[in-house]
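So the structure is just underneath, and the comments pick up after that.
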Number of protein chains: 2
Amino acid sequence: MLTPIILSGGAGTRLWPVSREAHPKPFMRIGDGKSLLMKTVERAQAVCGDCAPLIVTNRDYYLRSQNELASQEIKPQYLLEPVGRNTAPAIALAALWAAEQDPDACLLVMPADHLITDTVSFHKAAEHAATLARDGFLVLFGIRPTASETGYGYIEMGNQISQQANAVQRFVEKPDAATAIAYLERGNYVWNSGIFCFKASTILDALATYNPALYESARAVWNESKADGDKVDLHTSFSRLENISIDYAVMEMAKNIAVVPGDFGWSDMGAWSAVADVTPADENGNKVHGSDAIFIDSHNTYIDSKDRLVAAIGLENMVVIDTPDALLVAERSKSQEVRQVVSRLKASGHEAHKIHRTAVRPWGTYTVLGEGQGFKIKRVVVKPGQSLSLQMHHHRSEHWVVVFGTANITVGDTTTLMTQNQSSYIPIGAKHRLENPGITDLVLIEVQCGSYLGEDDIVRFSDCYGRM
Amino acid sequence: MLTPIILSGGAGTRLWPVSREAHPKPFMRIGDGKSLLMKTVERAQAVCGDCAPLIVTNRDYYLRSQNELASQEIKPQYLLEPVGRNTAPAIALAALWAAEQDPDACLLVMPADHLITDTVSFHKAAEHAATLARDGFLVLFGIRPTASETGYGYIEMGNQISQQANAVQRFVEKPDAATAIAYLERGNYVWNSGIFCFKASTILDALATYNPALYESARAVWNESKADGDKVDLHTSFSRLENISIDYAVMEMAKNIAVVPGDFGWSDMGAWSAVADVTPADENGNKVHGSDAIFIDSHNTYIDSKDRLVAAIGLENMVVIDTPDALLVAERSKSQEVRQVVSRLKASGHEAHKIHRTAVRPWGTYTVLGEGQGFKIKRVVVKPGQSLSLQMHHHRSEHWVVVFGTANITVGDTTTLMTQNQSSYIPIGAKHRLENPGITDLVLIEVQCGSYLGEDDIVRFSDCYGRM
């Protein structure tokens, strides 16, 4: 029996403009419409059966993750970080969480933002890794290189430990191009996938040995943290833990290490070129995710656009990523440099690195359709049975028109049931609430009027999602 | 005294997605924010002084052109075609129009969708052309080639007629690449600009000589057409005139031809590469028209985007043209092939070849902000003093929220003055009218609800713009 630990951290700045601070990589939908997080949970289930996964993620993504995985029968548990602190602290706390039940619990640690298409061989490898883990090994999953990648860390494999596993000769940093070619040719180098298998007690012992300071402070954080339903809110002292990867903190020094090499159809989805790689192509190598595209005299070009028409003429090896407020056009081999765009946006205070025009909330979504001097227009979608907080604004009034579904609209002391083609007016200062009592989505158009229209002009009187 | 004749025809399919059937090339704004039509009218004024220009255009563009040129002190006259029929019929009718006042009127014929940056030398050339025209010449303006263009017709110049003009040796069709290089080297070849100067009587005589059938039928159309204020609505028999250029119909056969060569900073704005050519560049040759752009590792790339952020990585010699509903990414040298995109869109019945998300009306504009099952949201902008028709819809009701300015809203027999933050409801079947009595723009958000939301669900009872 394996316990899946899913690390749902990565912001994925290299997948801008689809990934944003408020819409990180694990929530991105790839190919079949499922998010990377959902795919990871499904993979965990395929390998670990009925065991509920533990998802380690930021507090801000708790409700979002719950919603994303609402359809899952086996409800995940959550370990909520106040801030991101790399893999060593996350794994340490996950191991402490598991050890509380069973120090010999066998953990399968997986990032939430990777893709694995060959689940069958991954499953086999995981079973073998579990055997080694039970014998006290710290097991790493190595990916057999298919190209001379310079973006990954490599592991040089040593002697065979078993039929499917090797000892680790050494860890090597991201190599230069020539070295990467040499590694590819030699055959005993694999990519470090960031997927691990070990007993809770094994990794905690190793941590106590090789990084006792981190071990002690992680224990202290754990003792201060409290469980609440399906989640453990990690104590704010978590933010003082060392920002360090499990490779640096433990793996590169530990002796009882094994690597299980494989292919698994693995991709770290590290850049748009990687996303393009996993998308089916037409006869010219062109690929489309989303809406209409017209290719003329173009080859090996990837277009991602949700609802705009894109015409490509004379493009070779390009990616075109289209979102409602930002567009990326990049030479495919340079798609790593998207990080620079995000840094520049951050530096200039541009919002497009942080938020999308559509914002996800526990109750549904809203999309800004337009704004101007003194007004803003939103399309608000409330999921069945959900409800916004009872709230009030100091600087704006709101006009609501129900265009689909049914709403319970409270203004002051009066609640009215409204349906399509009915409207309501919320004056400045009036307490109000919007609720969907129905069994279909509720869609409502909101026209705000006022001198200040920021999201922070909100006074909440009560909220189902604890946002007070 | 020259009479400017402005041919405002060209759809400009090669400038899609900015130019569309409902937003043809003369209305495109280049660089300084002025439309090509406005620039052409200003050029006409610089050369011809107080003489009101005659604009030959399609009926559908009459109100739009009037609006576009509303700021001009000298009001243009209009010759309105029921359909486009190339330059020979347009020039024939313009000459008949001019000849009615004065058969010896000297006409300066200019397309409305070209750019001329060196107005001073164009002015000089036009003055010289006028002298020759008065002597009975049909004068063409030739552009000295700056590159071996294969997209233009050429004129081989013969002996000098005057210090600034030559006879025409022959007209030559668009050459292949090798021939174009030879023409460029020889120095006595010029591009045929489509700009002409002649007396009304001279061109009519030439037409009667070389194409008597067209001449006779053009006369018949003219006799059936009637003037009304600043416009002459050409009789529908115009549509039966031969679809032929003035070059084929007259110039290639006439003997009394002169060509005035020059540079004039002329561009036919025939493709996005030409538009890019006239836009100032940064130190990497990159050019931006409109909003935010981030260039990383990119050169000689032109980005046109009104309000979205565009990030370019590793682009060389590209054009990126971004509009609310369609995006073009093209290799610069292949930007002519945009025509293929438009053909494909036409063939598949896609609306993006025809209309923009913002539609221009005589009273202002409307923009579709979003739509869904059973609803559509528009931002309606009404200019001061303007009014929509008194109308009714069979299949939709409308919710209006005034967000800027003041509106007179008539529903049934009641008219109410409304301002910011007030709303009104128009039930299905109710006669209604929207009017801006104020002196600023009126901005209104319209939420339509109904089973059918097409623009053709409109019954007009009265309209200020004759659209009944």
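Here the structure is a predicted model, which means the values were calculated and not measured. Naming: A, B, ... by sequence-line order, numbering from 1 per chain.
The shortest side-chain heavy-atom distance between B:Ile296 and A:Arg344 falls under the 4.5 Å cut-off. Looking only at side-chain heavy atoms (C-beta outward), A:Asp325 and B:Leu309 stay at 4.5 Å or farther from each other. Annotation: side chain of A:Ile294 is in contact with side chain of B:Leu345 (closest heavy-atom distance under 4.5 Å). Side-chain contact check for B:Asn421 versus A:Phe375: every heavy-atom pair is 4.5 Å or farther apart. Contact of the B:Leu315 side chain with the A:Met318 side chain is registered, since non-hydrogen atoms from C-beta on lie closer than 4.5 Å.
When A:Trp16, A:Phe404, A:Tyr425 are compared by the number of non-hydrogen pairs under 4.5 Å with chain B, A:Tyr425 comes out ahead. Ranking B:Ala293, B:Ser333, B:Gly314 against chain A, the residue ahead of the rest is B:Gly314, based on heavy-atom pairs under 4.5 Å. Residue with the most contacts toward chain A among B:Ala311, B:Ala326, B:Ala330: B:Ala311 (heavy-atom pairs, distance under 4.5 Å). Between chain A and the options B:Gln448, B:His350, B:Arg379, the largest number of non-hydrogen pairs under 4.5 Å is found for B:His350. Ranked by heavy-atom pairs shorter than 4.5 Å toward chain B, the options A:Val443, A:Val447, A:Thr301 are led by A:Val447.
Within 6.0 Å of atom CD in B:Gln420, more than 12 heavy atoms from other residues, nucleotides or ligands are found, so the atom counts as buried in its surroundings. Within a 6.0 Å radius of NE2 in B:His394, no more than 12 heavy atoms belonging to other residues, nucleotides or ligands are found.
The part of B:Pro324 that comes within reach of chain A is its backbone (N, CA, C, O), which places non-hydrogen atoms under 4.5 angstrom from that chain. With a threshold of 4.5 angstrom between heavy atoms, A:Glu351 does not approach chain B through any atom at all. Only the side chain of B:Ile445 has a heavy atom closer than 4.5 Å to any heavy atom of chain A. Contacts between B:Thr323 and chain A at a heavy-atom distance below 4.5 Å involve the backbone alone (N, CA, C, O). Contacts between B:Ile377 and chain A at a heavy-atom distance below 4.5 Å involve the side chain alone, from C-beta outward. In this structure, chain A has heavy atoms under 4.5 Å from both the backbone and the side chain of B:Glu337. Interface remark: B:Val341 contributes backbone and side-chain atoms alike to the contact with chain A (heavy atom separation under 4.5 Å). Heavy-atom distances place both the backbone and the side chain of B:Gln373 under 4.5 Å from chain A. Heavy atoms closer than 4.5 Å to chain A are found in both the backbone and the side chain of B:Ala312. For a residue to count as touching a neighbouring chain, one of its non-hydrogen atoms must lie under 4.5 Å from one of that chain's; by this rule B:Val338 touches chain A with backbone and side chain alike. Looking at B:Val310, the atoms closer than 4.5 Å to chain A (heavy atoms on both sides) sit in the backbone and in the side chain alike.
Between A:Arg332 atom CZ and B:Ile313 atom CD1 the span is 14.5 Å, to the nearest 0.5 Å. Summarising the geometry, atom OG1 belonging to A:Thr367 is positioned 12.0 Å from atom CG belonging to B:Leu369; distances are rounded to the nearest 0.5 Å.
Just one residue in the list A:Ile303, A:Val329, A:Val320 forms a side chain to side chain contact (heavy atoms under 4.5 Å, CB included) with B:Leu327, and that residue is A:Val320.
With B:His399 contributing its side chain and A:Val401 its backbone, the two residues share no donor-acceptor pair below 3.5 Å. A donor-acceptor contact shorter than 3.5 Å is absent between the side chain of B:Arg308 and the backbone of A:Asp322.
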